[in-house]
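Below: one structure, written as C-alpha cells.
Here is the naming used below: chain letters follow the sequence lines, and residue numbers restart at 1 for every chain. Computation of the quantities below employed the complete heavy-atom set of this structure, encompassing side-chain atoms and omitting hydrogens, waters and symmetry-equivalent molecules.
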There are 2 protein chains.
Amino acid sequence: MGTPSTTSDAILLSARALIAAGGYNGFSYADIAKTVGIRNASIHHHFPAKADLVRVLVARYRQEAETGLAELERHVDDPAERLRAYVGYWSACIADGSAPICICALLASELPALPETVAVEVRAHFRGLSAWLASVLQSGSRQGRLRLTGSAEAEAELFMATVHGAMLSARAYGDPGAFNLVTRPLLERLSS
Amino acid sequence: MGTPSTTSDAILLSARALIAAGGYNGFSYADIAKTVGIRNASIHHHFPAKADLVRVLVARYRQEAETGLAELERHVDDPAERLRAYVGYWSACIADGSAPICICALLASELPALPETVAVEVRAHFRGLSAWLASVLQSGSRQGRLRLTGSAEAEAELFMATVHGAMLSARAYGDPGAFNLVTRPLLERLSS
DNA sequence: GGGCTTCTACCTTCTAGTAGGCAGATCGTC
DNA sequence: GACGATCTGCCTACTAGAAGGTAGAAGCCC
C-alpha cells in the first residue's frame, strides 16, 4: 500500500481511509476530492456512483486479504504460527494507525444501510476469512499443534468474532493495547 | 420498550432503530419525522442538534443497560447463569429483530467520526459493561463456579469483544444463529 | 485525429438548523 | 371565577450549505 500509481488508486486509497474512520455514510465525494487533489466530478469518471466506488474498494480489499493470507501460508508452516501472524498483522496496523479497523467489520455493522452490491462483498469477506481460519484450525488440529474444543468451523467463527470485537474495543478505548489484551488469550487457549 | 408516552420518547425510539440500521450518519431528521409523524423542525424543539439527540439516546441506552443488569443480578444468583442470561437476552433481541445489534458497538466502529459528546457516552458504555462482566467473572471464580484462565478484567474484555464480534457476524451472515454459534462455546469454556 | 482524463459549470435533492407564529395548558392575581 | 402572562409543543416557511450526480468543453498523450 505505497504511493498510488493512478488517480483511480488514489481515490480508492483515500476512500478506504475515510471509510475506516466513519463508515459508508461518513464520507463524501468532496472529502475524497480534497485529499486526492482533484475535482468532485472527476471521481465520477472513475466510479459512476458511490456504490460502485465502495464495491470496487471492498472487492480489492478482499483480494488483498486473500493474497496476504496466501503469502502468509507460503512463509509460515505452523498453523498456530499462522494465526499468530494474522493477529500480529492487525496488531501492527492498529498500533501504527495505518488500518485502525477492518473495513469489512465496520461495514458489516451498518449492513442494512448499505447498497446491496456492497453488502454482497462484505458478506463474502466474512465467509472467506472464516473459511481460511477453519482450514488453518483444521490442519493445526490434525497436526496436534492446535487444541480445538469444537468443530474447526465453529472455532473459526469464534476466532473471527473475537478479533473483530477486539478491534471495536481498541477503537472504543482509544488504546491499541486493548486489541492485544483480547487476542493474546485467544491464541494461547488454542496453542496450549 | 412499549409504546412511547411522549413525542420526545417517540423521537428517541425511532432514532434508536434508525441508528441500529445505519449508524450516526445513516439517518436524518427527515427519517425520524416520517416515522414519528411530526415535522422536521419539531424535532429541534426537543433536541436542538443531532449530537444532542444521539447523546441523550445513548445515555438513556446506558441507563437501561445498567438497570437491566441490576435487575438480572437480583433475579439470578449463579454468576455462570448471569452470563448466560446476558447472552440469552441479546440472542433473543437479535432473533426477533427488536435490537439486531448493540448500538454502542455499532457507534464504536465509527467512533472517529462521532461528535465528542456522543463518543464519551459510547466509551462509558464499554467501560461500564466491561466492569460489570469483570465483577461477575470475579465472583464466579471465587465461588468456584467459573473457571478463569486470566484475570477477571482480561476475561471480561475477551468476553465483551467476543459478544460484540458475534453481533457483527450475525448481521453479516444475516443469520441470528451465528450469534449463538459463537457465544455458546464462549459460555461453555467458562462454565466447564 | 482519437481516446483518455480532468476540468468548469450546473442540477436536484437532501442536510441540519432557524425564525416566527399559533393553539392550548398552566399559571398567579385580582 | 375571569384576566392576562407565560410556557409548551408543534407548525409553516425558510435558509445556507452539502450531498451525489450530469453535460459538455478543454487539455493531453499516442
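A donor-acceptor distance shorter than 3.5 angstrom exists from the side chain of B:Y29 to the backbone of B:K50, with no hydrogens or angles considered. A:E110 places no side-chain N or O within donor-acceptor distance of the main-chain N or O of B:G26, the cut-off being under 3.5 Å. Judged purely by atom type and a 3.5 angstrom limit, A:R82 uses its side chain to pair as donor or acceptor with the backbone of A:V76.
Residues from residues 22-31 of chain B lying near DNA chain C, meaning a heavy-atom separation below 4.0 Å, are B:F27, B:S28, B:Y29, B:A30 in numerical order.
Atom-to-atom distance recorded for B:T149:OG1 and B:L158:CG is 7.5 Å, nearest 0.5 angstrom. How far CZ of B:F159 is from CG of B:L129: 9.0 Å, rounded to the nearest 0.5 Å. For the atom pair A:L168 CG and A:Y173 OH, the distance stands at 11.0 Å (nearest 0.5 Å).
At most 12 heavy atoms of other shown residues, nucleotides or ligands fall within 6.0 angstrom of atom CG in B:D77. Counting non-hydrogen atoms of other residues, nucleotides and ligands closer than 6.0 Å to CZ of A:R184 gives a total of 12 or fewer. Counting heavy-atom neighbours within 6.0 Å of A:E71 CD, excluding the residue itself, gives a total above 12.
A nucleotide of DNA chain D counts as in contact with chain B when one of its atoms lies under 4.0 Å from a heavy atom; the first and last such, 5' to 3', are D:dG9 to D:dA13. Counting 5' to 3', DNA chain C first comes under 4.0 angstrom of a heavy atom of chain A and last does so at the ends given by C:dT5 to C:dA9.
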Stepwise salt bridge (charged side-chain N to carboxylate O under 4.0 Å, His left out) check, B:E116 with B:R123: CA-CA 10 Å; B:E116 184 54 28; B:R123 288 189 205 105; 3.2 Å; yes
